[in-house]
Amino acid sequence: MMNSKKLQRPYFQNTDALFLAKDLLGKVLFTHKNGELTAGIITETEAYFGTEDKASHAYGCRRTARTEAMYQPGGIAYIYLCYGMHYLLNIVVSENDDPKSVLIRSVQPFKGLSFIEERRKRSAAEPSVSSGPGSLSQALGIYLSFNKKPLTEDEIWIEDHGLRYRDDEIISAPRIGVSYAKEHALLPLRFYVKNNRFVTQKSK
DNA sequence: CTGGCGATTCTC
DNA sequence: AGAATCGCCAGA
């Protein structure tokens, strides 16, 4: 390839979670493990703005073994186990010691559909195949072993295929499942592509 | 050391 | 509406 489409470090570091959460819509998330190449077009994200964000694991500068990834320089994955059974994928944003991240919530299957269908036990045309952060991780084979992986390597990365959305094609809404975040719970930090079926259906 | 609780999903 | 399922982390 003449021009690599793989997004590089500066794209993740020289920005903030709010901008990136919107800009990642339409980008293509790839995973390649055990010879299985799969990818999905990012259709839904949420911004977590760091130490001041009551919904963030890094709220109040909380720094533990789990949250360590977020304190690293941007451009790596932050994966954690949620509800004891789902692996959730975040993209670490910004500089060193600035724990901001973007949660990838949904993708539209793009490559390796047979692998995705095998993992999810359903058709890749079914929106539930990769909508919602837990389902998306299962569809793309994302596990804890991806935690702290640089997106510049060849197990998990993001490509720009030129797909762009206008502002009026992007819906913003409150983040899901963060009612504990009090006054930050209703901030419109969730973004998804209008009229795309591959987004979280219910919200509470 | 302990116990309450999830950035969820699926079934009943 | 409830279950599944287990690591995290604040508090003792």
Side-chain angles (χ1 to χ4, degrees), chain A residues 12 16-18 20-22 24-25 29 40 42-72 74 76-94 98-109 116-149 156 171-193 197-204:
Chain A
F12 301 102
D16 62 86
L18 186 58
L20 203 66
K22 280 192 282 188
L24 280 174
L25 296 175
L29 173 64
I42 297 173
T43 53
E44 180 181 8
T45 61
E46 283 178 2
Y48 287 83
F49 59 91
T51 61
E52 308 297 309
D53 180 358
K54 291 190 174 180
S56 172
H57 293 163
Y59 175 64
C61 298
R62 186 196 300 153
R63 186 167 186 166
T64 64
R66 179 173 70 157
T67 65
E68 182 58 30
M70 279 196 286
Y71 287 82
Q72 301 303 307
I76 66 173
Y78 165 44
I79 319 276
Y80 74 97
L81 181 63
C82 185
Y83 288 98
M85 63 188 84
H86 302 294
Y87 296 107
L88 271 55
L89 167 68
N90 287 256
I91 305 303
V92 177
V93 185
S94 188
D98 186 19
K100 297 181 169 69
S101 67
V102 173
L103 171 69
I104 309 298
R105 288 196 57 91
S106 301
V107 300
Q108 177 174 347
I116 290 174
E117 292 181 333
E118 186 180 338
R119 291 165 184 159
R120 291 288 293 152
K121 312 286 189 231
R122 73 194 75 189
S123 164
E126 221 20 79
S128 67
V129 77
S130 54
S131 303
S135 302
L136 136 66
S137 286
Q138 189 181 17
L140 296 188
I142 293 168
Y143 299 99
L144 210 51
S145 62
F146 284 87
N147 192 37
K148 295 185 181 173
K149 279 272 187 268
I156 180 168
I171 309 288
S172 60
R175 293 173 293 184
I176 294 178
V178 298
S179 55
Y180 58 86
K182 300 184 177 178
E183 74 267 27
H184 292 161
L186 295 180
L187 294 175
L189 296 177
R190 171 180 170 236
F191 303 95
Y192 61 93
V193 178
R197 293 155 66 241
F198 293 87
V199 300
T200 304
Q201 292 308 308
K202 59 168 188 182
S203 58
K204 65 171 171 131

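A, B, ... follow the sequence lines: proteins, then strands. Residue 1 opens every chain.
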For nucleotides 10-12 of chain B, tabulate all protein N/O to nucleotide N/O atom pairs closer than 3.5 Å, reporting atom names and distance.
from, atom 1, to, atom 2, distance (Å)
B:dC10, OP1, A:Arg120, NH1, 3.0
B:dC10, OP1, A:Arg120, NH2, 2.8
B:dC10, OP1, A:Arg122, NH2, 3.0

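Protein atom OH of A:Tyr59 is 18 Å distant from nucleotide atom C1' of B:dC5, rounded to whole Å. The nearest whole Å value for the distance from the CZ atom in A:Arg190 to the P atom in B:dT8 is 10 Å. Distance, A:Met85 CE to B:dC5 C1': 13 Å, rounded to whole Å. One interatomic measurement links the two molecules: NE2 of A:His184 to P of B:dA7, which rounds to 16 Å at whole-angstrom precision. In this structure, CZ of A:Arg62 is placed 9 Å from P of B:dA7, rounded to the nearest angstrom. Rounding to whole angstrom units, CG of residue A:Asn90 and P of B:dT8 are separated by 11 Å. Between A:Ile142 atom CD1 and B:dT8 atom C1' there is a gap of 15 Å when expressed in whole angstrom units. Rounded to an integer number of Å, the gap from A:Leu81 CG to B:dT9 P is 13 Å.
Put simply, the side chain of A:Ser101 never gets that close to the backbone of A:Asn90: no donor and acceptor are under 3.5 Å apart. Counting only distance, with no hydrogens or angles, the side chain of A:Ser131 and the backbone of A:Thr200 share no donor-acceptor pair below 3.5 Å.
For the pair A:Ala55 and A:Arg175, the tightest heavy-atom approach, listed with the atom from each and the gap, is CB-NH2, 3.6 Å. In terms of heavy-atom proximity, A:Val102 sits nearest to A:Ala17 at CG2-O, 3.6 Å.
Screening A:Leu103, A:Val178, A:Ile176 for a side-chain contact (heavy atoms from CB on, under 4.5 Å) with A:Arg190, the sole residue that qualifies is A:Ile176.
A heavy-atom distance below 4.5 Å is not found between the side chains of A:Ile91 and A:Thr45. A heavy-atom distance below 4.5 Å is found between the side chains of A:Phe191 and A:Leu18. The side-chain heavy atoms of A:Tyr78 and A:Arg66, taken from C-beta on, include a pair separated by under 4.5 Å. Residues A:Ile171 and A:Val199 fail the side-chain proximity criterion, which asks for heavy atoms closer than 4.5 Å.
Protein chain A touches strand DNA chain C; the 5'-most and 3'-most nucleotides with an atom under 4.0 angstrom of its non-hydrogen atoms are C:dA4 to C:dA10.
In this structure, A:Tyr78 does not reach the B:dA7 phosphate: none of its side-chain N or O atoms is under 4.0 Å from OP1 or OP2. Residue A:Arg105 has a polar side-chain atom (N or O) positioned under 4.0 Å from OP1 or OP2 of B:dT8.
The partner of C:dG7 is B:dC5, by the rule that a Watson-Crick or G-U pair needs both atom distances under 3.5 Å.
Residue contacts for A:Leu103: at a heavy-atom cut-off of 4.0 Å it reaches a base atom on one of the strands shown.
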